[in-house]
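Side chains included, hydrogens not; waters and symmetry mates left out as well; all remaining heavy atoms used.
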Amino acid sequence: MAREDFSFFHPLRVRWAEVDMQGVVFNAHYLAFFDVALTEYWAALTGARNAGGDGVFEHIYVVRSVIDYHAPARFDDLLDVGVRISRMGTASMTCHFEIHRGGEHVITGETVYVHALDGKSAPFPDVFRDRVSGFEKTPVDGG
């Protein structure tokens, strides 16, 4: 995926508490970076800062996360976290993430979410699918 495929980036500066003894971002923090950027993406997409806050549907749950490390991020680096919905099934969606430091691609990630109503998997509403299709620069698989 190319940087141009993303409709949304969120800037994030690495804090001291996020680096380990080697001076690089501790690996688990990248999932938190994805979550912070997804919150901002969600606000841009739906006008709400959380899934369900816009009244379109109830909840989404993480069922899978993958991270590929290309280069370390360090304290005080200014990162750009790209977010896009790359696939939408009936009740699940895949969010693709990329973290860049300037022109350098640092991290690639993917998180799969399942939409649920009353604790059970449920189809995404058409209004949500339409918002995603209108927001993303590149076509969403299955959407």
Side-chain angles (χ1 to χ4, degrees), residues 1-125 128-129 131-143:
M1 197 164 292
R3 191 177 172 109
E4 304 81 49
D5 292 332
F6 289 85
S7 298
F8 184 85
F9 279 91
H10 177 68
L12 190 142
R13 187 170 298 279
V14 176
R15 299 172 300 177
W16 179 252
E18 295 162 335
V19 299
D20 60 20
M21 295 293 288
Q22 291 84 25
V24 300
V25 171
F26 178 68
N27 58 32
H29 287 294
Y30 291 110
L31 290 171
F33 294 173
F34 295 168
D35 194 57
V36 167
L38 183 63
T39 298
E40 300 304 326
Y41 172 94
W42 210 264
L45 177 68
T46 69
R49 298 189 61 78
N50 64 317
D54 62 358
V56 173
F57 53 84
E58 191 172 319
H59 298 288
I60 59 171
Y61 297 98
V62 174
V63 295
R64 179 176 185 265
S65 293
V66 176
I67 302 173
D68 292 319
Y69 303 91
H70 308 295
R74 300 180 184 282
F75 170 68
D76 211 32
D77 280 353
L78 182 58
L79 306 174
D80 287 317
V81 184
V83 182
R84 72 177 300 272
I85 295 175
S86 59
R87 190 195 70 72
M88 285 195 75
T90 302
S92 69
M93 68 179 178
T94 302
C95 291
H96 184 83
F97 300 91
E98 285 187 6
I99 299 179
H100 295 262
R101 178 183 45 229
E104 184 180 17
H105 182 177
V106 177
I107 298 290
T108 300
E110 181 179 280
T111 303
V112 178
Y113 298 89
V114 171
H115 172 235
L117 291 171
D118 299 321
K120 296 179 183 170
S121 175
F124 285 108
F128 178 70
R129 291 176 185 285
R131 285 182 187 173
V132 171
S133 293
F135 189 78
E136 292 295 349
K137 285 183 177 180
T138 56
V140 176
D141 290 343

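For the pair H115 (side chain) and A122 (backbone), a donor-acceptor distance under 3.5 Å is present.
Residues I67 and F97 fail the side-chain proximity criterion, which asks for heavy atoms closer than 4.5 Å. Using a 4.5 Å heavy-atom cutoff, the side chains of D80 and F6 are not in contact. Contact of the V81 side chain with the Y41 side chain is not registered, since no non-hydrogen atoms from C-beta on lie closer than 4.5 Å.
No more than 12 heavy-atom neighbours from other residues, nucleotides or ligands sit within 6.0 angstrom of NZ on K120.
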Between side-chain atoms of residues 104-114 and protein atoms elsewhere (two or more places apart, or another chain), which donor-acceptor pairs fall under 3.5 Å?
{"unit_1": "E104", "atom_1": "OE1", "unit_2": "R101", "atom_2": "NE", "d": "3.3"}
{"unit_1": "E104", "atom_1": "OE1", "unit_2": "R101", "atom_2": "NH2", "d": "2.6"}
{"unit_1": "H105", "atom_1": "NE2", "unit_2": "I107", "atom_2": "O", "d": "3.1"}
{"unit_1": "H105", "atom_1": "NE2", "unit_2": "T108", "atom_2": "OG1", "d": "2.7"}
{"unit_1": "T108", "atom_1": "OG1", "unit_2": "H70", "atom_2": "NE2", "d": "2.8"}
{"unit_1": "E110", "atom_1": "OE2", "unit_2": "R64", "atom_2": "NH1", "d": "2.8"}

Test side chain to side chain contact (heavy atoms under 4.5 Å, CB included) on V25 and F33; report intermediate values, then the result.
CA-CA 11 Å; V25 171; F33 294 173; 4.0 Å; yes
Side chain to side chain contact (heavy atoms under 4.5 Å, CB included) between V132 and M93, worked out:
CA-CA 11 Å; V132 171; M93 68 179 178; 6.0 Å; no
Would you please test L38 and C95 for side chain to side chain contact (heavy atoms under 4.5 Å, CB included) and show each step?
CA-CA 9 Å; L38 183 63; C95 291; 4.1 Å; yes
Does the side chain to side chain contact (heavy atoms under 4.5 Å, CB included) test come out yes or no for F128 and I85, once each step is laid out?
CA-CA 12 Å; F128 178 70; I85 295 175; 4.1 Å; yes
Report the C-alpha distance between F135 and W42 in whole Å, list the side-chain angles of each, state the deciding distance to 0.1 Å, and finish with yes or no for ring-ring contact (aromatic ring centres under 6.0 Å, His included).
CA-CA 11 Å; F135 189 78; W42 210 264; over 10 Å; no
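Every pair tested for side-chain hydrogen bond (donor to acceptor under 3.5 Å, both in side chains) that includes a residue from residues 19-35 fails, sequence neighbours excluded, so the list is empty.
Note that CD1 of I99 is 6.0 Å distant from CG of L79, once rounded to the nearest 0.5 Å. Between atom CE of residue M88 and atom CZ of residue R129 there is a gap of 4.5 Å, rounded to the nearest 0.5 Å. Expressed to the nearest 0.5 Å, how far NE2 of H96 lies from CG of D141 amounts to 11.5 Å.
Electrostatic pairing of D76 and R13 counts as a salt bridge here, judged by a charged N lying under 4.0 Å from a carboxylate O.
When all heavy atoms are compared, the tightest approach of S92 to R87 is OG-NH2, 2.8 Å. Nearest heavy atom pair, residue F75 against residue V19, reads N-CG1, 3.5 Å. The minimum heavy-atom distance between R3 and G102, with the atom names listed, is NH1-O, 3.7 Å. The heavy-atom pair separating A44 from F8 by the smallest distance is CB-CE1, 3.9 Å.
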